[in-house]
Amino acid sequence: MNSKTPESNLSEPLASGLYIVATPIGNLGDITVRAVDILSRCDLVACEDTRVTGKLLKHLGLSKPLRRHDDHASDHDRAKLLEAMQRGAVALVSDAGTPLISDPGYRLVREARAAGISVTTLPGACAAIAGIPLSGLPSDRFLFAGFLPSKDKARREVLEELSSVPASLIFYETGPRLTKSLEALAQLWPTREVAVARELTKLHEECRSGSAQELLDHYNAHPPKGEIVLLVGPPISAPVQVDADALLAEALQSLKPSQAAAQVAKASGLDRKDLYARAMELKNG
Ligand code: SAM
(Lines give C-alpha, C1' and ligand atoms only; values in the text may rest on other atoms or scores of the structure.)
Protein backbone atom coordinates (compact mmCIF):
# COMPACT_ATOMS: atom_id res chain seq x y z
CA MET A 1 0.00 0.00 0.00
CA ASN A 2 1.29 3.44 -0.88
CA SER A 3 0.30 5.97 1.76
CA LYS A 4 1.55 8.92 -0.25
CA THR A 5 -1.31 11.03 -1.56
CA PRO A 6 -1.37 14.22 -3.62
CA GLU A 7 -1.85 16.15 -0.35
CA SER A 8 0.00 13.91 2.07
CA ASN A 9 2.18 16.53 3.77
CA LEU A 10 -0.20 17.61 6.52
CA SER A 11 1.96 20.54 7.60
CA GLU A 12 1.74 22.21 4.19
CA PRO A 13 -1.24 24.02 2.73
CA LEU A 14 -3.22 21.99 0.20
CA ALA A 15 -2.13 22.21 -3.40
CA SER A 16 -4.58 24.16 -5.54
CA GLY A 17 -7.06 22.18 -7.59
CA LEU A 18 -10.29 20.24 -7.34
CA TYR A 19 -10.84 17.52 -4.70
CA ILE A 20 -13.85 15.26 -5.35
CA VAL A 21 -14.93 14.22 -1.86
CA ALA A 22 -17.41 11.43 -1.04
CA THR A 23 -19.55 11.99 2.05
CA PRO A 24 -21.79 9.56 4.01
CA ILE A 25 -25.09 8.21 2.62
CA GLY A 26 -26.70 8.06 6.05
CA ASN A 27 -24.34 6.93 8.78
CA LEU A 28 -22.08 9.88 9.59
CA GLY A 29 -19.36 7.45 10.65
CA ASP A 30 -18.84 6.61 6.97
CA ILE A 31 -16.60 9.55 6.19
CA THR A 32 -12.97 8.81 5.51
CA VAL A 33 -10.06 10.23 7.50
CA ARG A 34 -8.77 11.70 4.25
CA ALA A 35 -12.10 13.38 3.46
CA VAL A 36 -12.12 15.07 6.88
CA ASP A 37 -8.53 16.21 6.34
CA ILE A 38 -9.31 17.74 2.93
CA LEU A 39 -12.52 19.38 4.15
CA SER A 40 -10.62 20.91 7.05
CA ARG A 41 -7.75 22.23 4.88
CA CYS A 42 -9.55 23.31 1.68
CA ASP A 43 -10.29 26.93 0.87
CA LEU A 44 -13.82 26.46 -0.45
CA VAL A 45 -16.47 23.74 -0.55
CA ALA A 46 -18.67 23.51 -3.67
CA CYS A 47 -21.89 21.74 -2.73
CA GLU A 48 -25.42 20.98 -3.91
CA ASP A 49 -27.22 22.44 -0.93
CA THR A 50 -25.39 24.72 1.49
CA ARG A 51 -27.75 23.76 4.37
CA VAL A 52 -27.04 20.03 3.99
CA THR A 53 -23.28 20.47 3.69
CA GLY A 54 -23.31 23.11 6.45
CA LYS A 55 -24.78 20.47 8.80
CA LEU A 56 -22.12 17.91 7.86
CA LEU A 57 -19.32 20.42 8.42
CA LYS A 58 -20.83 21.44 11.75
CA HIS A 59 -20.92 17.76 12.77
CA LEU A 60 -17.21 17.58 11.88
CA GLY A 61 -16.50 20.77 13.83
CA LEU A 62 -15.55 22.67 10.67
CA SER A 63 -16.54 25.97 9.18
CA LYS A 64 -15.72 26.74 5.52
CA PRO A 65 -16.91 29.07 2.80
CA LEU A 66 -19.61 27.20 0.85
CA ARG A 67 -20.52 27.79 -2.79
CA ARG A 68 -23.70 26.28 -4.22
CA HIS A 69 -23.03 24.23 -7.36
CA ASP A 70 -25.34 21.96 -9.36
CA ASP A 71 -25.73 20.89 -12.96
CA HIS A 72 -27.87 23.96 -13.70
CA ALA A 73 -24.99 26.24 -12.74
CA SER A 74 -24.34 28.91 -15.37
CA ASP A 75 -21.16 29.00 -17.45
CA HIS A 76 -20.25 32.10 -15.46
CA ASP A 77 -20.65 30.29 -12.09
CA ARG A 78 -18.56 27.37 -13.30
CA ALA A 79 -15.88 29.76 -14.60
CA LYS A 80 -15.72 31.37 -11.14
CA LEU A 81 -15.23 27.97 -9.53
CA LEU A 82 -12.50 27.09 -12.04
CA GLU A 83 -10.75 30.33 -11.11
CA ALA A 84 -11.04 29.41 -7.42
CA MET A 85 -9.40 26.03 -8.19
CA GLN A 86 -6.49 27.81 -9.87
CA ARG A 87 -5.95 29.97 -6.78
CA GLY A 88 -6.68 27.44 -4.03
CA ALA A 89 -8.11 24.04 -3.02
CA VAL A 90 -11.80 23.47 -3.83
CA ALA A 91 -13.61 20.43 -2.41
CA LEU A 92 -16.62 19.21 -4.39
CA VAL A 93 -19.26 17.35 -2.36
CA SER A 94 -22.86 16.38 -2.98
CA ASP A 95 -25.68 16.08 -0.44
CA ALA A 96 -24.76 12.44 0.17
CA GLY A 97 -22.40 9.85 -1.27
CA THR A 98 -20.08 10.23 -4.23
CA PRO A 99 -20.32 13.38 -6.35
CA LEU A 100 -21.25 12.80 -10.04
CA ILE A 101 -22.96 9.47 -9.28
CA SER A 102 -26.52 10.58 -10.10
CA ASP A 103 -25.36 13.89 -8.63
CA PRO A 104 -23.90 17.16 -9.97
CA GLY A 105 -20.31 17.79 -10.98
CA TYR A 106 -19.83 16.17 -14.39
CA ARG A 107 -19.34 19.40 -16.35
CA LEU A 108 -17.24 20.95 -13.62
CA VAL A 109 -14.81 18.00 -13.53
CA ARG A 110 -14.60 17.85 -17.33
CA GLU A 111 -13.87 21.55 -17.59
CA ALA A 112 -11.33 21.47 -14.76
CA ARG A 113 -9.47 18.62 -16.47
CA ALA A 114 -9.62 20.38 -19.83
CA ALA A 115 -8.16 23.52 -18.22
CA GLY A 116 -5.21 21.51 -16.87
CA ILE A 117 -6.30 21.94 -13.25
CA SER A 118 -5.21 19.20 -10.85
CA VAL A 119 -8.21 16.96 -10.04
CA THR A 120 -8.05 14.40 -7.23
CA THR A 121 -10.65 11.88 -6.04
CA LEU A 122 -11.44 10.88 -2.46
CA PRO A 123 -13.57 7.73 -2.70
CA GLY A 124 -16.07 6.78 -0.03
CA ALA A 125 -19.74 5.97 0.42
CA CYS A 126 -21.87 5.30 -2.65
CA ALA A 127 -25.34 3.73 -2.41
CA ALA A 128 -24.92 1.62 -5.58
CA ILE A 129 -21.64 0.16 -4.34
CA ALA A 130 -23.07 -0.36 -0.84
CA GLY A 131 -26.11 -2.15 -2.29
CA ILE A 132 -24.55 -4.70 -4.66
CA PRO A 133 -22.52 -6.68 -2.09
CA LEU A 134 -25.43 -6.64 0.37
CA SER A 135 -27.94 -7.93 -2.21
CA GLY A 136 -26.29 -11.32 -2.70
CA LEU A 137 -26.68 -10.89 -6.47
CA PRO A 138 -23.73 -11.68 -8.75
CA SER A 139 -21.24 -8.87 -8.21
CA ASP A 140 -18.56 -9.93 -10.69
CA ARG A 141 -20.19 -7.78 -13.38
CA PHE A 142 -22.76 -5.06 -12.84
CA LEU A 143 -24.17 -2.11 -14.69
CA PHE A 144 -25.26 1.03 -12.85
CA ALA A 145 -28.12 2.72 -14.69
CA GLY A 146 -29.06 5.59 -12.35
CA PHE A 147 -32.74 6.49 -11.96
CA LEU A 148 -35.32 4.84 -14.21
CA PRO A 149 -37.60 7.29 -16.05
CA SER A 150 -40.87 8.00 -14.23
CA LYS A 151 -43.12 7.63 -17.30
CA ASP A 152 -44.29 4.06 -18.01
CA LYS A 153 -43.33 3.99 -21.70
CA ALA A 154 -39.88 5.51 -21.19
CA ARG A 155 -39.19 3.18 -18.24
CA ARG A 156 -40.15 0.15 -20.29
CA GLU A 157 -37.92 1.26 -23.16
CA VAL A 158 -34.92 1.63 -20.87
CA LEU A 159 -35.54 -1.79 -19.33
CA GLU A 160 -35.94 -3.40 -22.77
CA GLU A 161 -32.67 -1.83 -23.84
CA LEU A 162 -30.98 -3.44 -20.83
CA SER A 163 -32.73 -6.83 -21.22
CA SER A 164 -29.82 -8.76 -22.61
CA VAL A 165 -26.98 -7.17 -20.63
CA PRO A 166 -25.23 -10.17 -19.02
CA ALA A 167 -24.69 -8.48 -15.66
CA SER A 168 -26.52 -7.47 -12.51
CA LEU A 169 -28.29 -4.13 -12.92
CA ILE A 170 -28.38 -1.36 -10.32
CA PHE A 171 -30.93 1.46 -10.28
CA TYR A 172 -31.60 4.32 -7.89
CA GLU A 173 -35.23 4.51 -6.82
CA THR A 174 -37.55 6.47 -4.57
CA GLY A 175 -40.26 5.12 -2.26
CA PRO A 176 -43.22 6.53 -4.20
CA ARG A 177 -41.96 5.10 -7.51
CA LEU A 178 -40.75 1.68 -6.35
CA THR A 179 -43.97 -0.26 -6.97
CA LYS A 180 -44.32 1.12 -10.52
CA SER A 181 -40.80 -0.06 -11.30
CA LEU A 182 -41.44 -3.47 -9.73
CA GLU A 183 -44.60 -3.81 -11.84
CA ALA A 184 -42.56 -3.15 -14.98
CA LEU A 185 -39.89 -5.66 -13.88
CA ALA A 186 -42.54 -8.29 -13.08
CA GLN A 187 -43.99 -7.96 -16.59
CA LEU A 188 -40.73 -7.88 -18.47
CA TRP A 189 -38.48 -10.16 -16.41
CA PRO A 190 -40.72 -12.42 -14.29
CA THR A 191 -37.93 -14.90 -13.66
CA ARG A 192 -35.02 -12.68 -12.69
CA GLU A 193 -34.00 -12.25 -9.09
CA VAL A 194 -34.58 -8.74 -7.75
CA ALA A 195 -33.41 -7.04 -4.56
CA VAL A 196 -34.56 -3.88 -2.84
CA ALA A 197 -31.88 -2.32 -0.60
CA ARG A 198 -33.41 0.38 1.55
CA GLU A 199 -32.01 2.94 4.01
CA LEU A 200 -28.45 1.66 3.64
CA THR A 201 -26.14 2.38 6.59
CA LYS A 202 -29.08 3.82 8.57
CA LEU A 203 -31.05 2.51 11.55
CA HIS A 204 -33.73 0.84 9.42
CA GLU A 205 -31.43 -0.67 6.79
CA GLU A 206 -33.13 -3.56 5.01
CA CYS A 207 -32.40 -5.72 1.99
CA ARG A 208 -35.20 -7.91 0.65
CA SER A 209 -34.92 -10.19 -2.38
CA GLY A 210 -37.18 -12.39 -4.49
CA SER A 211 -38.96 -12.19 -7.81
CA ALA A 212 -40.27 -8.77 -8.86
CA GLN A 213 -43.82 -10.01 -8.23
CA GLU A 214 -43.00 -11.17 -4.68
CA LEU A 215 -41.43 -7.82 -3.88
CA LEU A 216 -44.33 -5.99 -5.50
CA ASP A 217 -46.80 -7.89 -3.30
CA HIS A 218 -44.72 -7.04 -0.23
CA TYR A 219 -44.32 -3.32 -0.97
CA ASN A 220 -47.97 -2.94 -2.01
CA ALA A 221 -48.81 -4.16 1.48
CA HIS A 222 -46.00 -2.18 3.17
CA PRO A 223 -45.40 1.10 1.27
CA PRO A 224 -41.64 1.69 1.36
CA LYS A 225 -40.13 4.69 3.08
CA GLY A 226 -36.69 6.19 2.69
CA GLU A 227 -33.98 5.82 0.08
CA ILE A 228 -33.79 2.81 -2.17
CA VAL A 229 -31.41 0.94 -4.46
CA LEU A 230 -33.17 -1.49 -6.79
CA LEU A 231 -31.04 -4.35 -8.09
CA VAL A 232 -31.75 -7.05 -10.69
CA GLY A 233 -29.77 -10.24 -11.23
CA PRO A 234 -28.40 -11.13 -14.67
CA PRO A 235 -30.71 -12.78 -17.23
CA ILE A 236 -29.46 -16.35 -17.27
CA SER A 237 -27.67 -17.15 -14.05
CA ALA A 238 -30.51 -15.87 -11.88
CA PRO A 239 -31.04 -18.36 -9.06
CA VAL A 240 -34.84 -18.02 -9.17
CA GLN A 241 -36.36 -21.27 -10.48
CA VAL A 242 -37.83 -20.79 -13.94
CA ASP A 243 -41.24 -22.41 -14.33
CA ALA A 244 -41.14 -22.43 -18.12
CA ASP A 245 -44.37 -24.40 -18.43
CA ALA A 246 -46.31 -21.87 -16.39
CA LEU A 247 -44.88 -18.96 -18.38
CA LEU A 248 -45.60 -20.71 -21.69
CA ALA A 249 -49.13 -21.65 -20.65
CA GLU A 250 -49.86 -18.04 -19.75
CA ALA A 251 -48.34 -16.71 -22.96
CA LEU A 252 -50.23 -19.28 -25.07
CA GLN A 253 -53.51 -17.81 -23.90
CA SER A 254 -52.98 -14.82 -26.18
CA LEU A 255 -50.07 -15.72 -28.47
CA LYS A 256 -49.17 -18.30 -31.13
CA PRO A 257 -46.61 -20.96 -29.99
CA SER A 258 -43.77 -19.25 -31.88
CA GLN A 259 -44.59 -15.88 -30.31
CA ALA A 260 -45.04 -17.41 -26.85
CA ALA A 261 -41.66 -19.14 -27.17
CA ALA A 262 -39.98 -15.89 -28.24
CA GLN A 263 -41.52 -13.94 -25.33
CA VAL A 264 -40.55 -16.53 -22.71
CA ALA A 265 -37.05 -16.86 -24.20
CA LYS A 266 -36.55 -13.11 -23.88
CA ALA A 267 -37.78 -13.06 -20.29
CA SER A 268 -35.98 -16.18 -19.06
CA GLY A 269 -32.88 -16.54 -21.18
CA LEU A 270 -33.94 -20.15 -22.03
CA ASP A 271 -33.47 -21.53 -25.53
CA ARG A 272 -36.22 -20.40 -27.93
CA LYS A 273 -36.24 -23.64 -29.98
CA ASP A 274 -36.67 -25.79 -26.87
CA LEU A 275 -39.43 -23.49 -25.67
CA TYR A 276 -41.16 -23.70 -29.05
CA ALA A 277 -41.12 -27.51 -28.94
CA ARG A 278 -42.55 -27.44 -25.43
CA ALA A 279 -45.18 -24.85 -26.45
CA MET A 280 -46.37 -27.17 -29.25
CA GLU A 281 -46.64 -30.06 -26.78
CA LEU A 282 -48.64 -27.93 -24.35
CA LYS A 283 -50.90 -26.65 -27.13
CA ASN A 284 -51.60 -30.14 -28.50
CA GLY A 285 -52.37 -31.39 -25.02
N1 SAM B 1 -24.31 10.27 -5.14
C2 SAM B 1 -25.11 9.38 -4.34
C3 SAM B 1 -24.35 8.07 -4.15
O4 SAM B 1 -23.12 8.07 -4.26
O5 SAM B 1 -24.95 7.04 -3.88
C6 SAM B 1 -26.49 9.17 -4.94
C7 SAM B 1 -27.29 10.44 -5.05
S8 SAM B 1 -28.86 10.22 -5.78
C9 SAM B 1 -29.39 11.87 -5.98
C10 SAM B 1 -29.87 9.72 -4.44
C11 SAM B 1 -30.31 8.28 -4.58
O12 SAM B 1 -29.28 7.41 -4.13
C13 SAM B 1 -31.52 7.93 -3.73
O14 SAM B 1 -32.74 8.25 -4.39
C15 SAM B 1 -31.36 6.44 -3.57
O16 SAM B 1 -31.79 5.77 -4.74
C17 SAM B 1 -29.83 6.31 -3.47
N18 SAM B 1 -29.43 6.37 -2.06
C19 SAM B 1 -28.76 7.35 -1.42
N20 SAM B 1 -28.56 7.04 -0.13
C21 SAM B 1 -29.13 5.84 0.06
C22 SAM B 1 -29.25 4.98 1.19
N23 SAM B 1 -28.77 5.32 2.37
N24 SAM B 1 -29.89 3.79 1.02
C25 SAM B 1 -30.39 3.43 -0.18
N26 SAM B 1 -30.30 4.21 -1.27
C27 SAM B 1 -29.67 5.39 -1.16
Side-chain angles (χ1 to χ4, degrees), residues 18-32 34-35 38-39 45-53 55-56 59 68-73 91-110 119-137 139 142-151 154-155 158-159 162 168-182 184-185 194-209 212 215 218-219 222-232:
L18 176 63
Y19 296 75
I20 305 167
V21 181
T23 57
I25 56 168
N27 189 321
L28 290 174
D30 292 335
I31 188 148
T32 66
R34 190 170 162 229
I38 294 304
L39 289 173
V45 180
C47 59
E48 267 188 282
D49 183 330
T50 52
R51 283 162 308 177
V52 174
T53 299
K55 270 191 205 156
L56 175 70
H59 167 81
R68 186 161 186 274
H69 172 79
D70 61 24
D71 279 337
H72 306 296
L92 172 69
V93 301
S94 56
D95 283 354
T98 301
L100 280 80
I101 307 299
S102 292
D103 264 340
Y106 168 72
R107 292 181 71 182
L108 189 69
V109 169
R110 253 190 107 69
V119 181
T120 305
T121 185
L122 283 83
C126 174
I129 299 302
I132 185 75
L134 183 66
S135 70
L137 292 172
S139 54
F142 54 82
L143 186 148
F144 171 66
F147 286 96
L148 282 166
S150 57
K151 298 246 164 56
R155 184 196 298 113
V158 169
L159 290 175
L162 296 171
S168 293
L169 304 176
I170 309 177
F171 303 99
Y172 281 164
E173 212 18 289
T174 64
R177 283 166 40 167
L178 176 67
T179 50
K180 281 276 180 197
S181 294
L182 288 172
L185 293 181
V194 177
V196 172
R198 210 171 57 77
E199 294 288 86
L200 294 168
T201 77
K202 303 186 202 176
L203 187 61
H204 298 293
E205 177 178 288
E206 129 181 300
C207 186
R208 192 170 280 275
S209 44
L215 292 170
H218 173 81
Y219 287 110
H222 306 92
K225 291 195 187 124
E227 299 192 281
I228 293 167
V229 182
L230 176 62
L231 306 102
V232 183

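One-based numbering, in listed order, for ligands and for the atoms of each.
At the shortest separation from atom 3 (C) of ligand 1 among protein heavy atoms lies Tyr172 OH, 3.4 Å. With respect to atom 20 (N) of ligand 1, the closest heavy atom belonging to the protein is Glu227 OE1, 3.3 Å.
An N or O contact shorter than 3.5 Å is missing between Thr201 and ligand 1 by distance. Inclusion of Arg198 in the set of residues having an N or O under 3.5 Å from an N or O of ligand 1 is not warranted. Residue-to-ligand polar distances place Glu173 within reach of ligand 1: an N/O pair is separated by less than 3.5 Å. On a distance-only criterion, Lys202 and ligand 1 share no N/O pair closer than 3.5 Å. Inclusion of Ala127 in the set of residues having an N or O under 3.5 Å from an N or O of ligand 1 is warranted. In terms of polar-atom proximity, defined here as any N/O pair under 3.5 Å, Ile228 does make such a contact with ligand 1.
Remark: the Asn27 side chain and the Thr201 side chain contain no N/O donor-acceptor pair separated by less than 3.5 Å. Between the side chains of His204 and Arg198, no donor-acceptor pair is found at a separation under 3.5 Å.
Contacts between Ala96 and ligand 1, counted as non-hydrogen atom pairs separated by less than 4.0 Å, involve the backbone only.
Using a 4.5 Å heavy-atom threshold, the side chains of Ile132 and Ser168 count as touching. Residues Thr120 and Ile20 have side chains not in contact (no heavy-atom distance under 4.5 Å, counting atoms from C-beta outward). Side-chain contact between Ile129 and Phe142 is present, with heavy atoms from C-beta onward closer than 4.5 Å.
Listed by chain and number, the residues in a side-chain hydrogen bond (donor to acceptor under 3.5 Å, both in side chains) with Lys202 are Glu199, Glu227 (sequence neighbours excluded).
At least one heavy atom of Phe147 sits less than 4.0 Å from an atom of ligand 1. Assignment of Gly26 to the shell around ligand 1 is not supported, since no heavy atom sits closer than 4.0 Å. A heavy-atom separation below 4.0 Å is found between Asp103 and ligand 1.
Not a single donor-acceptor pair under 3.5 Å links the side chain of Ser135 to the backbone N or O of Cys207.
For the residue pair Asp71 and Tyr106, the shortest heavy atom distance occurs at OD1-N, 4.1 Å.
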